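Notes follow once the structure below has been shown.
All values reported here derive from a predicted model rather than from experimental measurement. Along the sequence shown, residues carry numbers from 1.
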Amino acid sequence: MRNEKEMEPLISLDHVTYRYPFTGRDAVTDISIDVKPGEAVLVTGVSGCGKTTFTRLLNGLAPAFFPGRMLGNCRVGDLLAGTAAIEEYVPLVGSVFQNPKTQYFNVDTTAELAFPCENVGMPSAEIRSRVQDCARRFGLTGLMDRSIFRLSGGEKQRIAFAAASMLGPRLLVLDEPTSNLDAGAIVQLHDMIAAMKEAGV
C-alpha cells in the first residue's frame with residue numbers, strides 16, 4: 001500500500017498562464033493539473049499550442065532560461081517555478097528533447113551517460129557503476145564507447161533518455177521523443193518509458 005507522500009501530486013499546476021516577451025499572446029493559458037508519482041501523461045495538440053512551454057515549466061527552463069510572465073503556480077516536488085533556481089531541478093527532473101542532438105555534451109555514448117553524474121560531483125567509482133547499471137537496464141551495452149554521430153536516430157534518442165535517467169529523477173519530461181523515429185525505435189523507447197513508470201517515475 002502506498003504511503004501518503006507517494007499519493008501526493010509530484011506536479012501541480014494551478015491556473016498557470018505563461019507569455020514570452022514580445023509575442024503578444026499567451027503560450028499556455030489557464031492550465032490546472034495534478035500528476036501523481038508513477039502516472040504517465042500525454043499532452044497532444046497542434047504545432048505551436050504550448051506543449052514545449054508546458055515541458056519548460058516542469059523542468060525549470062521557464063522562466064529561468066526562457067523568460068516570460070507567469071500567472072498562477074507551477075510546482076514540481078517542492079520547487080516553485082519562478083522561485084526555484086534551475087540547478088535545483090537537476091536531481092529531480094530528467095528531460096529528453098525532440099532533437100537529441102540539442103542536449104548532448106559529449107561525442108561518445110559512455111561519456112554522455114557519465115556526464116550528469118560528473119556534473120554533480122559524484123565519485124568516479126559510483127559513476128562507473130551507474131553507467132554500467134543503466135546500460136544493462138536499458139539494453140544499451142552494445143552502444144557503449146561509440147561515437148554519438150555514428151548512431152541511428154533511435155539509438156541517439158535511447159542514449160538521451162538513459163542520460164536523463166542517470167541521477168534517478170522522480171520526473172521525466174519528454175518533448176516529442178518519438179518524432180522522426182521508425183516503428184522499431186518507437187517500441188524500444190516505449191519499453192524504456194514503461195520501465196521508468198513501473199519504478200514510480
Side-chain angles (χ1 to χ4, degrees), residues 5-6 8-13 16 18 20 28 33-41 43 51-68 70 73-135 137-138 140 144 148 156-177 189 192-193 195-197 199-201:
K5 186 71 175 169
E6 289 175 319
E8 288 179 6
L10 177 61
I11 298 168
S12 186
L13 275 71
V16 172
Y18 199 79
Y20 298 105
V28 294
I33 186 173
D34 287 339
V35 180
K36 293 179 180 174
E39 287 189 303
V41 176
V43 179
K51 299 183 300 292
T52 295
T53 298
F54 180 63
T55 67
R56 289 172 179 170
L57 290 166
L58 299 182
N59 61 22
L61 289 177
F65 190 75
F66 295 98
M70 185 173 72
N73 291 311
C74 174
R75 183 181 58 78
V76 177
D78 296 325
L79 305 180
L80 195 62
T83 301
I86 195 166
E87 58 268 20
E88 293 181 80
Y89 286 85
V90 171
L92 178 65
V93 184
S95 296
V96 180
F97 305 135
Q98 180 177 350
N99 182 353
K101 287 187 288 188
T102 63
Q103 69 184 85
Y104 291 139
F105 290 92
N106 296 276
V107 295
D108 75 273
T109 54
T110 303
E112 186 62 25
L113 291 192
F115 180 78
C117 302
E118 293 170 342
N119 205 32
V120 298
M122 202 174 282
S124 297
E126 185 175 351
I127 293 173
R128 284 192 295 273
S129 175
R130 282 191 181 222
V131 169
Q132 290 169 358
D133 289 346
C134 184
R137 178 180 189 187
F138 293 129
L140 301 174
M144 293 296 93
I148 284 175
K156 288 176 182 175
Q157 199 64 299
R158 289 167 65 206
I159 292 294
F161 186 95
S165 72
M166 283 297 295
L167 295 178
R170 295 178 61 202
L171 170 65
L172 281 168
V173 176
L174 316 175
D175 188 1
E176 298 194 43
L189 187 60
M192 295 174 78
I193 294 169
M196 295 300 282
K197 181 181 185 301
V201 177

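Rounded to the nearest 0.5 Å, atoms CD1 (Ile159) and CZ (Phe138) are 10.5 Å apart. Between the NZ atom of Lys36 and the CD1 atom of Ile11 there is a distance of 13.0 Å, given to the nearest 0.5 Å. Atom CZ of Phe65 and atom CG of Asn59 lie 11.0 Å apart (nearest 0.5 Å). A distance of 12.5 Å separates OG1 in Thr53 from CE in Met70, rounded to the nearest 0.5 Å. Atoms CG and CD, on Leu189 and Gln157 in that order, are 6.0 Å from each other to the nearest 0.5 Å. Atom CE of residue Met144 and atom SG of residue Cys134 lie 7.5 Å apart, to the nearest 0.5 angstrom.
Shown here for Leu57 and Cys74, the closest heavy-atom pair between the two residues is O-SG, 3.6 Å. Scanning all heavy atoms of the two residues, the minimum distance from Arg170 to Pro37 falls at NH2-CG, 4.4 Å. Among all heavy-atom pairs drawn from Met192 and Arg158, the shortest one is CE-O, 3.4 Å. Here the closest non-hydrogen pair linking Ala162 and Leu140 is CB-CD1, 3.5 Å. Minimum interatomic distance between Leu113 and Met166 (heavy atoms only, all atoms of both residues): O-CG, 3.2 Å. Considering all non-hydrogen atoms of both residues, Pro116 and Ala163 come closest at CG-O, 3.5 Å.
Residues Thr55 and Phe97 fail the side-chain proximity criterion, which asks for heavy atoms closer than 4.5 Å. Side-chain contact between Met196 and Phe161: present, with at least one pair of heavy atoms (C-beta onward) separated by less than 4.5 Å.
Screening Asp34, Leu58, Val35 against Leu13 for a side-chain contact (heavy atoms from CB on, under 4.5 Å) leaves a single residue, Leu58.
Under the 3.5 Å distance criterion, the side-chain polar atoms of Arg75 are matched with a main-chain donor or acceptor of Gly77. For the pair Tyr104 (side chain) and Glu112 (backbone), a donor-acceptor distance under 3.5 Å is absent.
The aromatic rings of Phe105 and Phe115 lie parallel to each other, with less than 30° between the two planes, well short of the 60° mark.
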With a cut-off of 3.5 Å and sequence neighbours excluded, list every side-chain donor-acceptor pair involving residues 80-93.
{"residue": "Glu88", "atom": "OE2", "partner": "Ala85", "partner atom": "N", "Å": "2.8"}

